[in-house]
Amino acid sequence: MDQDRMETCIVCGQPKEEGIHIVNEFICISCEMEMVQTKVEDEKYPFFVNRLRRIAVRYHV
Ligand SMILES: [Zn+2]
């Protein structure tokens, strides 16, 4: 496994190779897909919103 290509996902906290960047933060493919599929009424939704809000606060988006 090539550690240099791994980045730590801000949602699950796991080092992952594939994912997307929002500003300078990394979200892995599986979390991104899970987030897209999460509905507002889902109990996981506030968790994802909180994570994204943390990025927004840090970068004043
Ligand atoms: Zn993740």
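No hydrogens, no waters, no symmetry mates; every other heavy atom, side chains included, goes into these values.
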What's the separation between atom CD1 in I20 and atom CE in M35, rounded to the nearest 0.5 Å?
6.5 Å
Distance (rounded to the nearest 0.5 Å) between I27 CD1 and I10 CD1:
4.5 Å
Quick one: hydrophobic cluster around M33, which other residues, with the 4.5 Å side-chain cut-off, linked directly or via members?
I29
Filter on ring pair (Phe, Tyr, Trp, His ring centres under 6.0 Å), then keep only pairs touching residues 15-50, sequence neighbours left out; what's left?
H21-F26
Give, for atom CD of E17 and atom CZ of R5, the distance between the pair rounded to the nearest 0.5 Å.
4.0 Å
S30: what forms a side-chain contact (heavy atoms from CB on, under 4.5 Å) with it, not counting sequence neighbours?
K16, C28
Could you list all the salt bridge (charged side-chain N to carboxylate O under 4.0 Å, His left out) pairs where at least one residue sits in residues 31-48, not counting sequence neighbours?
E34-K44
